[in-house]
Amino acid sequence: MALNFSSRSMLPVPFVHSDNESYLSVFEGSQICVYPFLSGWEVVNAFDCVVGDNQSLSAIDDVCDPVDLLPDDPFGMELNRNMGAALDGLFKASCRDFFGWSLVCSPETQFNYDARAEELDGWPIESFEGFSVNDSLDEESETGLIDGESLNLYCEDNTHSSGGDEGLPHDGLIFSLRYMDLRDLLSLERVCRSLRSAVRNDSLLWRSMLIDSPLSEKITDDVLLQLTRRAQGNLQSLSLIGCPRITDEGLKCVLDNNLSLKKALHTHFALESLINTRCTLFAIEALLSLAKPMLIPMLHIPGCVRLSLESIINILKEYQSKCSPGIEQLKLGRLFSVSQEQYEELKLLLHTDQHQQPQAQKLRFYYTSRSSLGWVDDRAIDIEMCPLCKKYKLVYDCPSESCQGRGFTQCRACDICIARCIQCGKCIKDCRSNIYPKDEKKMVEASDNVKNTLCYRAYDQEKRYKLWKFEIHLQSLSACQLKPYRRVYELTSLIYLQLVIGSSAGGLGAIPP
Amino acid sequence: MAKMIKLVSGDGAEFEVEEEVAFQSKIIKDIVADADDVIPLPTVSSKVLIQVIEYCRKHAAVNSFPLSPSSSAAAAASSSSSISYSKPVSDPALRAWDNEFVKLNNSSLFDIVIAANYLDIEELVDLVLETVADRIKGKQAQEIRRQFNIENDFTPEEEEALRRENSWAFQNN
């Protein structure tokens, strides 16, 4: 799906903001705001390419270490294969215990990579094909060098391996499956038969499904159903972060599949989170009606732009009247604007009066909210009244020592009132003072946490990235569908604008992309 | 004087370690409570046992000191990531040591994880498996085969079927 706007514009022109001109001019004039990936607009497809392929985007995630952005093998020398093959010839020939060697010569670790590169400095790589230590090695090294793939690179494998024969995956690899995300599991499935059956048949691996970018843009209903079936009824958590191709019917199918199995076992199905920008009212209703015999303790809908608060309240009313105790926690996130009456009504529906309010609420820091799944607390409803703007928002505390020292209520507000760093959660004014002082030396001494030097930049990039991503989603909607979201778009743009204006006012100069 | 526990590896070598070092392993802790202090470990080779003991020694030394407030805050912060299976190591120096420790080839790592799993040393198991997971992340099937020296035992038809099934995830269009 191509984006249909001029590649030279900073922002998509069809989304006419009432102050379009001034908006753009702020951007152009300040020379600060360039999206790091604007040059790629013309070749970008709406969802997939940019997220997956664009180098700068990965830069946002790996803000800390530019070295990680460097490609592994820029000149296509296939160092792993050739060197491994050459060295294996060495090992096989000398038949010694290479315990010491194993630390130096394993190709997959960076540390060893450098060591080996140093050793072989000055030897042209092409000559490895015919490399031999001395004449007596010729026989072995010849066979050893033909095909690097099937070689056993480390002598000690033959003597110490407890994983079975050469060619089969080690048992330890099966252990590691639970640390893999979805994409890697699918890659592993294609490696060999035992891994395929390990991946497919272990239902515990599929108990909790998190589908995030880049797969979220690609996954369809059928695939989702197929994958959730692997849980064999044990699906406990389903998180779909921005999956535009998942429809309500698909979701319903998934729930049908798992709930019916669960019903038979009379167990507790806790749908921990359902985050889907395309999630409509219908889906929520379907979910709740299907789940009537089950308990849904928490409803988590931070990204559901298609829902209006009124409809949520209506659904809740219906559900809570039929189920007891019903939904105990509601996480709304940042997209809803809640009036006081609505807030009171929600609190009533969630039985907050009946709950014992814990005296000391857990502190909420901005960075933990980035991945909203990670946030666990006891609050019935996640939003509250911001002390500064008096609106009902997500309110954050400040982890910086100076703010906490002045009392917990000091630096407490929504993230629009007090801008925060996404890396450490501290208020930006606190970070900024540590980042751009005139004296370079002072910068290191001043910060109690070296990460602060990245704070403002990371925050800026993250915000830009989020805004951009949101725009991509909006691109997929037609003009008439767009109208309700203009407000949301305005809101996110406002955050960005605040940032840009704030930075230029502070005299920071160009923020590096 | 600290109490010593004797561990005997699969090939008969004996290793004497301090109690607190050996107790990093929950299994050993349980055994010592019931029985005597000589613990045979027939499934663990000397080479692997040496490495495991090295890990335990380092972590026993660190665990004996209480966490400082800043490191406990860091621990709380890092545990908010979406995938975390054990308490993260909060001390940066220890983390750096751990990262050096796991710079081994795959087969050594696997041997260690099997031993650590047998001995029930949770942190070591997680450390090694996360390292292995990092080595796999983002790789295609062929690269994984090459790295871990796994034979492709699919028939061409099976391979084609798999490729078609999962093509949605790996296409870039």
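Just so it is clear: chains get the letters A, B, ... in the order the sequence lines come, proteins before strands, and each one is counted from 1. Basis for what follows: all heavy atoms, side chains included, without hydrogens, waters or symmetry-related copies. Given the structure is predicted, the values throughout are model-derived calculations rather than measurements.
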Minimum heavy-atom distance between [X] and [Y], given as atom pair plus value:
| X | Y | result |
| --- | --- | --- |
| Trp168(B) | Leu227(A) | CZ2-CD1, 4.1 Å |
| Arg193(A) | Asp153(B) | N-OD1, 2.8 Å |
| Ser187(A) | Ala141(B) | O-CB, 3.6 Å |
| Arg190(A) | Phe170(B) | NH1-CD1, 2.9 Å |

Any chance you could measure [X], atom [atom1], to [Y], atom [atom2], to the nearest 0.5 Å?
| X | Y | atom1 | atom2 | answer |
| --- | --- | --- | --- | --- |
| Leu195(A) | Ile150(B) | CG | CD1 | 5.0 Å |
| Leu186(A) | Gln140(B) | CG | CD | 11.0 Å |
| Leu173(A) | Leu109(B) | CG | CG | 11.5 Å |
| Leu129(B) | Ile174(A) | CG | CD1 | 11.5 Å |

Report summary line: Assert top hit (heavy-atom pairs under 4.5 Å, partner chain A, pool Leu162(B), Ile112(B), Val128(B)) equals Leu162(B)
Using heavy-atom distances under 4.5 Å, tell me whether [X] contacts chain A through its side chain, its backbone, both, or neither.
| X | value |
| --- | --- |
| Glu158(B) | side chain |
| Asn117(B) | side chain |
| Thr155(B) | both |
| Glu165(B) | side chain |

**Report entry** Verdict with reasoning, Arg135(B) to Asp184(A), per salt bridge (charged side-chain N to carboxylate O under 4.0 Å, His left out)
**Finding:** CA-CA 11 Å; Arg135(B) 292 184 186 180; Asp184(A) 295 323; over 6 Å; no
**Report entry** Check: Phe175(A) and Val113(B) side chains under 4.5 Å, non-hydrogen atoms
**Finding:** yes
Query - Residue Val191(A) versus chain B: region with a heavy atom under 4.5 Å - result: both
Report task. Counting only heavy atoms closer than 4.5 Å, note whether Glu189(A) contacts chain B via side chain, backbone, both or neither. Result -> both
Report task. Report yes or no: does Asn152(B) contribute a side-chain atom to a donor-acceptor pair with the main-chain N or O of Cys192(A) at less than 3.5 Å? Result -> no
